[in-house]
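Notes follow once the structure below has been shown.
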Amino acid sequence: MARHRIASLTDVPENGGKAFDIGGKSVLVCRTPLGVFAMDNMCSHAFAYLEGGKVKGPHIFCPLHGVRFDMRDGTPSGTLTRKPIPVYPAIIEGDDVCVELPEA
Ligand code: FES
C-alpha cells in the first residue's frame, strides 16, 4: 500500500464527498460524523460517478439509480448490483486526509 496525502480535511465537505485524482485514478473521499471514507469514484452498477451522491451515516447513494453502498466495506444494497466498490483506508494526519492505495 502507498499512502497519498491528497487534501486538507476542510477541502472535503461535511456529510458529503469530493473526488480526487490520484495517479489517474478517481478516488472519492467522504466526510461523515462517523469518520472519513475513501472509495473508487465509480458505481459498480453502470457508468456513474458516485461523487455528488447523498451521504448518510456510513452510506453513499449512487446519484444515477440510487444504489446504496456501505462506505466501510463497499457492499451494495438491493438488487441492481451485487458487486462491491473498492474501498481504501483513509487516515487523518493533522489537518490532512491521506488515502492508502495498492501499489500500481
Ligand atoms: S449507475 Fe449507480 S446505481 Fe445505477
Side-chain angles (χ1 to χ4, degrees):
M1 295 285 240
R3 185 173 292 197
H4 303 265
R5 187 176 305 272
I6 58 168
S8 169
L9 190 55
T10 54
D11 292 335
V12 182
E14 279 187 66
N15 295 309
K18 183 171 174 148
F20 299 91
D21 184 287
I22 306 176
K25 182 184 201 49
S26 185
V27 175
L28 178 63
V29 175
C30 292
R31 187 174 161 202
T32 81
L34 301 174
V36 175
F37 301 94
M39 66 217 80
D40 270 8
N41 184 28
M42 183 57 64
C43 184
S44 61
H45 174 230
F47 185 85
Y49 292 115
L50 291 173
E51 184 179 34
K54 182 177 173 189
V55 172
K56 188 170 183 191
H59 301 109
I60 185 164
F61 295 79
C62 176
L64 192 53
H65 304 117
V67 166
R68 186 185 80 181
F69 293 94
D70 189 318
M71 298 187 286
R72 294 169 293 193
D73 61 7
T75 305
S77 295
T79 56
L80 286 181
T81 179
R82 300 211 182 280
K83 186 177 174 192
I85 54 170
V87 298
Y88 309 106
I91 301 109
I92 305 299
E93 287 186 350
D95 293 331
D96 294 332
V97 179
C98 300
V99 174
E100 290 189 343
L101 297 179
E103 306 273 356

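Order of appearance sets the numbers: ligands from 1, and atoms from 1 within every ligand. Side chains are part of it too, since the values below use all heavy atoms of this structure and drop only hydrogens, waters and symmetry mates.
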Mind checking whether V36 and V12 have side chains closer than 4.5 Å, heavy atoms only? no
Does a side-chain heavy-atom distance below 4.5 Å link E100 with Y88?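 No, too far: nothing below the 4.5 Å cut-off.
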Angle, ND1 of H45 through atom 4 (Fe) of ligand 1 to ND1 of H65 - 10° precision: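 Computed angle, vertex at atom 4 (Fe) of ligand 1, rounded to 10 degrees: 90°.
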Need the ligand 1 atom indices (1-based, order shown) with element for anything under 4.0 Å from a heavy-atom of A48. 1 (S)
Which of the atoms in ligand 1, numbered in the order shown and given with their element, are less than 4.0 Å from a heavy-atom of L64?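 Near L64, meaning under 4.0 Å from one of its heavy atoms, ligand 1 has 1 (S).
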N, O or S of C62 under 2.8 Å from atom 2 (Fe) of ligand 1: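 So C62 counts as coordinating atom 2 (Fe) of ligand 1, yes.
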Heteroatom test (N, O or S) for C43 near atom 2 (Fe) of ligand 1, limit 2.8 Å: yes
Just heavy atoms, cut-off under 4.0 Å: does V67 contact ligand 1 by side chain, backbone, both, or neither?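 Answer for V67: both.
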Counting N and O atoms only, with roles assigned by atom type, does the side chain of R31 sit under 3.5 Å from a partner on the main chain of L9, one being a donor and the other an acceptor? yes
Are any side-chain N or O atoms of E51 and backbone N or O atoms of A19, one a donor and one an acceptor, separated by less than 3.5 Å? yes
Only one of L50, D70, T75 clears side chain to side chain contact (heavy atoms under 4.5 Å, CB included) with I85; which?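 For I85, the side chain to side chain contact (heavy atoms under 4.5 Å, CB included) test succeeds with only one of L50, D70, T75, which is L50.
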